[in-house]
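Report on the structure given below.
Heavy atoms only: backbone and side chains are in, while hydrogens, waters and symmetry mates are out.
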Amino acid sequence: MATSKAAGASKTAVIADELIYPKQAENIFAKLNLKTNILIYGEEHFLIDDLAREITSKLKKAAGAHFAHANAKHINIGDPSFDYGEFLSSEDTFSLFGAEDFNIKIIRGLEEYGASSPMLKKFCKYLDAIDKKGAEENPTSLVILVYAVKKPLADVVKNTRNFTAINCKKMYENDILAYTRKLAARSGKSFTDDAISALTERSRMNMFQINSEIKRLAILNHDQAEIDIETVENQVEIFFDPDSFGAINELDDSVCKKDIQKTVVTIGDLLDHGVYHALVVNRLLAIFRSMLSALLLNEASETFKNGAYKIADEFVRGSVYKKGYERFRFSSDMLSKFEFFCAGICNNSNIYRSESKHDFLNSLKNQMSLNAVYYLKNYTEKELFGLIKSLYQIDVKIRTGVLRIDQRPESVKEEIYKILISHFKKL
């Protein structure tokens, strides 16, 4: 059985000569040949899968010009049924075909094993042998290692030194729009710029969903040369991804702005799509606790009150006009500015700063802190205490059997709605 990633936390290593995809796509494809093994890794899983398919296709085509057959064998070592001994035996079988066939081995699942896992150690020995021998000594076979992690383990890097390393880095809004245009062109249909924007927005920037919708639109509109925004709006439903930042941001935004209608709809979507109720309740509690902490700090220091709000106001207003990487960089800069300001307040105003991660001044690594300062004006101290107390009671009611989620799962949703509606007041 696979050892979990968490259990195998280990050192990571820097890959010296990595290529960045899709930023360096031309360089990557120009460098492809039948004599180089390939390592594809990164945090953008759609890019990893899509690039692996594209590279496999190009290499099979290239091999077809020199060999009788070009085979692509997919191997998932994370599969519970994977047998390392059988895998090695099949490696020996490959060599029997000599120069007649070219074999591309696409290996996945290594990320399922931690650094201390026996399987990872075995596989690193295999990779080391492949790496040292190189394709020059084994001209009828190459490996594409698909490793879906942000930073490869040091042992993996060490044993793939001569592989062509490709990093599929996280994409931001502008990158997603550009790649969506590439996928649209691949479908053979012409998409207008407005259609591309609408499609990415309705798919919540989820590349797997975007790709699926493009294929579906191409089939549905096979008799049309162009896909416009009207077609997208009529044929593409808004995709709900409960794990996306978009879903959480919508909840944070509606709660901060005290938009009860949008808050209820967003919470309903999260719960209906299988998000455990405790995660929603804890998110609400985190928002209200941050606001309460900001309120208490305002009361403790006039300097904090004025300075913190000024930075938060700059952040909220500035975020409206920024997108993609620019927004990400702006947020990081504003959080650094806010943290520096808070450190100065603690040093000069004798404000207590505990070691707890729940201390407001120790949790300035996300946008919730700045939003809490800015949108605190929408709440009173009494409302915040009431909301926090009532939300904590949900867990008590479940444990004591007052809320029977085993019999009526919707009872928790109704309880959350009742609490929010009873405490929210119109602005």
Side-chain angles (χ1 to χ4, degrees), residues 19-30 32 40 42-62 64 72 146 166-250 253 262 265-266 269 273 319-329:
L19 292 163
I20 308 301
Y21 184 76
K23 182 180 177 181
Q24 295 176 287
E26 289 186 11
N27 292 343
I28 290 168
F29 293 126
L32 291 181
I40 304 174
E43 46 184 333
E44 198 68 62
H45 288 194
F46 176 82
L47 282 187
I48 291 172
D49 288 351
D50 196 52
L51 179 60
R53 280 192 295 269
E54 199 166 356
I55 285 178
T56 301
S57 176
K58 288 181 182 295
L59 290 176
K60 282 183 68 177
K61 186 176 180 180
V146 180
I166 306 170
N167 186 352
C168 295
K169 287 193 172 182
K170 183 175 178 60
M171 292 195 295
Y172 295 98
E173 189 170 332
N174 290 337
D175 306 311
I176 292 172
L177 286 168
Y179 208 84
T180 299
R181 292 188 186 96
K182 176 180 177 177
L183 295 175
R186 200 185 286 174
S187 74
K189 292 290 180 184
S190 174
F191 282 67
T192 65
D193 287 343
D194 285 346
I196 292 290
S197 297
L199 177 60
T200 55
E201 184 178 341
R202 284 173 174 261
S203 299
R204 294 179 186 268
M205 300 291 171
N206 183 301
M207 288 304 308
F208 288 99
Q209 183 66 17
I210 289 169
N211 188 45
S212 175
E213 291 295 348
I214 286 174
K215 290 178 179 177
R216 193 174 67 85
L217 285 167
I219 294 171
L220 289 175
N221 303 281
H222 60 89
D223 56 342
Q224 291 181 219
E226 184 177 76
I227 307 292
D228 58 19
I229 187 171
E230 186 177 352
T231 303
V232 171
E233 290 176 342
N234 289 335
Q235 297 181 7
V236 178
E237 295 291 331
I238 294 177
F239 174 64
F240 189 85
D241 178 6
D243 295 324
S244 72
F245 284 114
I248 296 302
N249 286 341
E250 285 181 19
D253 184 69
K262 189 175 179 182
V265 169
T266 305
D269 280 342
H273 282 78
S319 296
V320 175
Y321 303 104
K322 291 179 171 41
K323 293 184 178 181
Y325 178 72
E326 285 298 318
R327 184 168 184 169
F328 170 77
R329 188 174 65 179

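With a 6.0 Å radius and a threshold of 12 heavy atoms from other residues, nucleotides or ligands, Glu201 has its CD atom at or below the threshold. By the neighbour-count criterion of 12 heavy atoms within 6.0 Å, atom CD of Glu230 is sparsely surrounded, having that number or fewer from other residues, nucleotides or ligands. In Lys215, the NZ atom is not crowded: 12 or fewer heavy atoms of neighbouring residues, nucleotides or ligands sit closer than 6.0 Å. Other residues, nucleotides and ligands contribute at most 12 non-hydrogen atoms within 6.0 Å of the NZ atom of Lys169.
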Checklist entry - Please walk me through it: do Ile196 and Leu177 pass side-chain contact (heavy atoms from CB on, under 4.5 Å)? => result CA-CA 7 Å; Ile196 292 290; Leu177 286 168; 3.9 Å; yes

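Taking the side chain as every heavy atom from C-beta outward, Glu44 and Tyr179 never approach each other to under 4.5 Å. Counting heavy atoms from C-beta outward, Asp193 and Arg181 have side chains that approach closer than 4.5 Å. Residues Arg186 and Ile214 have side chains not in contact (no heavy-atom distance under 4.5 Å, counting atoms from C-beta outward). The shortest side-chain heavy-atom distance between Val232 and Glu213 does not fall under the 4.5 Å cut-off. Using a 4.5 Å heavy-atom cutoff, the side chains of Thr231 and Phe191 are not in contact. Using a 4.5 Å heavy-atom threshold, the side chains of Leu47 and Met207 count as separate.
Taking CD1 from Ile40 and CD1 from Ile48, the interatomic distance works out to 8.0 Å, rounded to the nearest 0.5 Å. For the atom pair Leu199 CG and Ile229 CD1, the distance stands at 10.5 Å (nearest 0.5 Å). Taking CD of Glu173 as the start and CE of Met205 as the end, the distance is 4.0 Å to the nearest 0.5 Å. To the nearest 0.5 Å, atoms SG (Cys168) and CG (Asp49) are separated by 9.0 Å. Atom CG of residue Asn167 and atom NZ of residue Lys23 lie 11.0 Å apart, to the nearest 0.5 angstrom. The CD1 atom of Ile166 sits 5.0 Å away from atom CG of Leu51, with the distance rounded to the nearest 0.5 Å.
Under a 3.5 Å cut-off, the side chain of Asp175 and the backbone N or O of Tyr172 do form a donor-acceptor pair. A donor-acceptor pair under 3.5 Å is formed between the side chain of Thr180 and the backbone N or O of Ile176. For Arg216 (side chain) and Gln235 (main-chain N/O), a donor-acceptor pair under 3.5 Å exists by modelled atom type. Within the 3.5 Å criterion, the main-chain N or O of Phe46 finds no donor-acceptor partner in the side chain of Asp50. Proximity of a side-chain donor or acceptor of Ser187 to a complementary backbone N or O of Ala184 within less than 3.5 Å is detected. The closest donor-acceptor contact from the side chain of Lys170 to the backbone of Gly42 lies at 3.5 Å or more, if one exists at all. Asn221 places no side-chain N or O within donor-acceptor distance of the main-chain N or O of Gln224, the cut-off being under 3.5 Å. At distances below 3.5 Å, at least one donor-acceptor pair connects side-chain atoms of Thr200 with backbone N or O atoms of Ser197.
The nearest pair of heavy atoms linking Lys60 to Ala72 is CD-CB, 4.0 Å.
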